[in-house]
Amino acid sequence: MNYSGVKRIAAEDPVASKRCAERLLAMRATLRGQRERRDDSRLLLATWNIRDFDSNRFGMGPRLPETFFYIAEIISCFDLVAVQEVNRDLAPLQKVLDILGPDWDFIATDTTEGRGGNGERMAFLYNRDRVRFRNIAGEIVLPEGQLVVGLTGASDPTTSAARGLQFARSPFLVSFTSGWFKFSLCTVHIYFGDESGDLLERRIAEIDRLAAFLAKRQDDAPRPTSGGVGNVENFIALGDFNVVSPEHRTMQALLAHGFEVPAAIDGSRIPGRDHFYDQIATRVRDDRFDVTAGGILDPFADVFRDEDVEVYRPYFDDELPADPTEEEVRSVYRRWRTWQMSDHSPLWVEILTDFADQYLRPIAER
């Protein structure tokens, strides 16, 4: 991590520079256990929808200079992070990369055009010491016959008509290697639409079509030859699936084609988890594959805390009504801070990647 910019903040705002250093020290203490998980035998994989990063099109920003350090501090706890809602201007993402340091790199999609795409990119940030890009990347385009079933004029039943659609935001499929484990990651930001009706059906259809596409791709791939146990198609789909709950049809669509959510991040196993939009699901052929841990990080554990409301009030004061109550101030603050960090929490899993013993033992026992 490159913290030199914390001093540079002092040139314009010494108070903010001091606050940033204090908060980073608190984050480092809180996240120490997460950082200590990193070693050569496992991959720490995460997904994080970083809200509207970083266009300020909703007028709730811009992100403060200190915020980029807090975002980078969280990302640095992992080896590979899928990020959703990256905007057209990549300069903010590059700020985070500069803080993370020279060992980090990224791969991003082009922006998605059209109203459903919101001009967003999706990206993978990865530590090159831990992860190697396998030089294969592409956005998923559905072939005819596998299109998402959507409705034109869905808000007006008298004019609605079924038609085949592509994804509102094209899923991004990239191949990586970490240790002995070769895998393809597909990150998504599934169409939200609405909580019921035709627009919910389109959301479910997007999830179903993605899972079916990847399942077919894997099933059609040639089986490994004798001794080629590592040369298999291992798929991990992760990102913002806009899943309503573990029991909802949105989750059933994800699991319908052989994908599994690791037990470590199963919705019922994480205390206090009340949102299930973000998911990591696996469809892996390699028998050596093992998810050994997982969880969610609270982005507000040490920064933009509830007790910091008055510290940051000058930045959201214009959003307050005249003569606001204390609860109104807190409500606006809690909403404002999601445009600093996010309205999503990072979801992560730990995957074993050292298969040396499994490879060497049969040779030794001949």
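- The 12-atom threshold is exceeded at CG of Asp220, counting heavy atoms of other residues, nucleotides or ligands nearer than 6.0 Å.
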Just do the side-chain hydrogen bond (donor to acceptor under 3.5 Å, both in side chains) check on Asn87 and Asp52 with the steps written out, would you? CA-CA 7 Å; Asn87 279 280; Asp52 187 36; 3.0 Å; yes
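- The number of heavy-atom neighbours closer than 6.0 Å to CG of Asp39, taken from other residues, nucleotides and ligands shown, is above 12.
- Other cluster members for Leu200: Ile204, joined by side-chain heavy-atom distances under 4.5 Å among Ile, Leu, Val, Met, Phe, Trp and Tyr.
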Verify ring-ring contact (aromatic ring centres under 6.0 Å, His included) between Phe124 and Phe176, making sure each step is shown before the conclusion. CA-CA 11 Å; Phe124 289 110; Phe176 294 98; 5.6 Å; yes
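- Among all heavy-atom pairs drawn from Val188 and Pro171, the shortest one is CG1-CB, 3.9 Å.
- Ion pair Arg23/Glu66 not flagged as a salt bridge, since none of the NZ, NE, NH1 or NH2 atoms sits closer than 4.0 Å to an Asp/Glu carboxylate oxygen.
- Within a 6.0 Å sphere centred on CD of Glu327, other residues, nucleotides and ligands contribute more than 12 heavy atoms.
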Between Thr109 and Glu120, does the side-chain hydrogen bond (donor to acceptor under 3.5 Å, both in side chains) criterion hold? Intermediate values first, please. CA-CA 9 Å; Thr109 64; Glu120 296 174 14; over 6 Å; no
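- Counting all heavy atoms, side chain and backbone alike, Cys77 lies closest to Leu44 at O-CD1, 3.4 Å.
- The backbone N or O of Phe181 lies less than 3.5 Å from no partner atom in the side chain of Ser178, so there is not a single donor-acceptor pair.
- Placement of Val86 and Phe167 in two distinct hydrophobic clusters is found when ILVMFWY residues are connected by side-chain heavy-atom separations under 4.5 Å, directly or transitively.
- Although no hydrogens or angles enter the test, the distance criterion places a donor-acceptor pair under 3.5 Å between the side chain of Tyr333 and the main chain of Arg305.
- Taking the six-membered ring for Trp and thresholds of 30 and 60 degrees, Tyr315 and Tyr312 have ring planes inclined between 30 and 60 degrees apart.
- Salt bridge Arg203/Glu195: absent, no basic N to carboxylate O contact under 4.0 Å.
- The residues Asp240 and Arg169 are annotated as not salt-bridged, no charged nitrogen and carboxylate oxygen being separated by less than 4.0 angstrom.
- Counting non-hydrogen atoms of neighbouring residues, nucleotides and ligands closer than 6.0 angstrom, the CD atom of Glu260 reaches no more than 12 such neighbours.
- Salt-bridge annotation for Glu310 and Arg313: present, with a side-chain N of the basic residue lying under 4.0 Å from a carboxylate O of the acidic one.
- Aromatic ring pairs are classed by plane angle as parallel below 30°, tilted from 30° to 60° and perpendicular above 60°; the pair Trp180 and Tyr359 is tilted.
- For the pair Arg285 (side chain) and Gln218 (backbone), a donor-acceptor distance under 3.5 Å is present.
- Using a 3.5 Å distance cut-off with no hydrogens or angles, the side chains of Ser342 and His344 do not pair a donor with an acceptor.
- Taking OG1 of Thr282 as the reference point, atom CD1 of Ile236 lies at 6.5 Å (rounded to 0.5 Å).
- Asp306 has a carboxylate O that lies under 4.0 Å from a charged side-chain N of Arg337, or vice versa, which qualifies the two as a salt bridge.
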Per-pair distances, 0.1 Å, donor-acceptor, side chain in residues 351-358, under 3.5 Å, sequence neighbours excluded:
unit_1, atom_1, unit_2, atom_2, d
Thr353, OG1, Ser41, O, 3.3
Thr353, OG1, Arg42, N, 3.3
Asp354, OD1, Ala356, N, 3.1

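- In this structure, Tyr126 and Phe133 have tilted ring planes: the angle between them lies in the 30° to 60° band.
- For the residue pair Thr47 and Gln279, no side-chain donor N or O sits within less than 3.5 Å of a side-chain acceptor on the partner.
- Residue Arg249 qualifies as open at atom CZ: its count of foreign heavy atoms under 6.0 Å is 12 or below.
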